[in-house]
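Hydrogens, waters and symmetry mates are skipped; everything else that's a heavy atom, side chains included, is used.
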Amino acid sequence: MDPILSSSPLFAGLTPAEVESVLSCLSLGVRRLPAHGYLFHAGDPADRMGLVLSGSLHILREDFWGRRAILTRLGPGELFGEAFALGAARVSISALAAEDSRLLLLDAERLRSPCPAPCFPHSRLFLNLTLILSEKNIALTEKIFCLTQRTTREKLLFYLSSRAGEVGSSRFSIPFNRQELADYLSVNRSALSEELCRLRDEGVLAFHRNSFELFLP
């Protein structure tokens, strides 16, 4: 069994045999997605959810003119599409591979349909999904707080401060390049780069590519 499966919160509390049992019922197989390839687009039916086995996905919204706002980046062991799959609603987001990726796809209809007989693995899976959705809602609330900051500087500092808090260190890396970070913060890339340089010159932070260090005044 792929080690990502055994370490994923989706299968917490299940033995390898129980994971295999669940997958025999729900799995649609593994899909390889090249970098910049779309898994689904906004408006597609929510007939599947999945788990990133390797690589990473950007979950994003695109407007009529193709402008992107990155909602989050998902790495190995993380889920995508679960809220729409459970609600049987059409997806309102798009999923784009940030790099070459392998994805385990799960059948949403079978996930929503309970087993005819009491089934511990299926029940445990639903409990795990509930916990995962709760954690994602908390993360979404954090992003809302970030986007309500009024300026590029405030958004940037809020995001970097939150990231430092997540890892428990003033030194950390972020999962975005400059354009992706601008899309995530919903700001102009040039304005973001200028603000980063200004903060560096003021002694607030240091950075190299996607690695950062924050300094106290």
Qualifying salt bridge (charged side-chain N to carboxylate O under 4.0 Å, His left out) pairs, either residue in [range], two or more places apart:
range	value
residues 126-149	E82-K136
residues 203-217	R171-E213
residues 22-35	none

Quiz item: Listed by chain and number, what are the ring-ring contact (aromatic ring centres under 6.0 Å, His included) partners of H41, not counting sequence neighbours?
Solution: Y38
Any sub-3.5 Å donor-acceptor pair from [X]'s side-chain atoms to [Y]'s backbone N or O?
X	Y	answer
S7	I4	yes
T141	N137	yes
S211	F207	no
S6	P3	yes
R61	R68	no
N128	A12	yes
D100	A35	yes
R90	A42	no
S101	S56	yes
S134	T130	no

Practice problem: Quick one: pull up CZ in R198 and CG in D201 and give me the separation to the nearest 0.5 Å. | Solution: 9.0 Å
Set of salt bridge (charged side-chain N to carboxylate O under 4.0 Å, His left out) partners for [X], sequence neighbours left out:
X	answer
R73	E99, E180
R200	none
R153	E195, E202
R150	none

Quiz item: Which pairs pass ring-ring contact (aromatic ring centres under 6.0 Å, His included) with one or both residues in residues 68-112, sequence neighbours excluded?
Solution: none
Quiz item: What pairs of residues pass the ring-ring contact (aromatic ring centres under 6.0 Å, His included) test when at least one of them lies in residues 149-203, not counting sequence neighbours?
Solution: Y159-Y184, F176-Y184
Self-check item: CD (E62) with more than 12 external heavy atoms under 6.0 Å
Solution: yes
Quiz prompt | Option among L74, L57, L28, V30 that satisfies the side-chain contact (heavy atoms from CB on, under 4.5 Å) test with L103 | solution = L57
Self-check item: Test side-chain contact (heavy atoms from CB on, under 4.5 Å) applied to D2 and L104, step by step
Solution: CA-CA 11 Å; D2 193 308; L104 171 67; over 6 Å; no
Self-check item: Side-chain cluster (under 4.5 Å, hydrophobic types only) that I138 belongs to, other residues
Solution: none
Under 3.5 Å, sequence neighbours excluded: what are the donor-acceptor pairs made by side chains of residues 45-52?
none

Practice problem: Could you state whether L10 and L133 fall into the same hydrophobic cluster, counting links through intermediate Ile, Leu, Val, Met, Phe, Trp or Tyr residues with side-chain heavy atoms under 4.5 angstrom apart? | Solution: yes
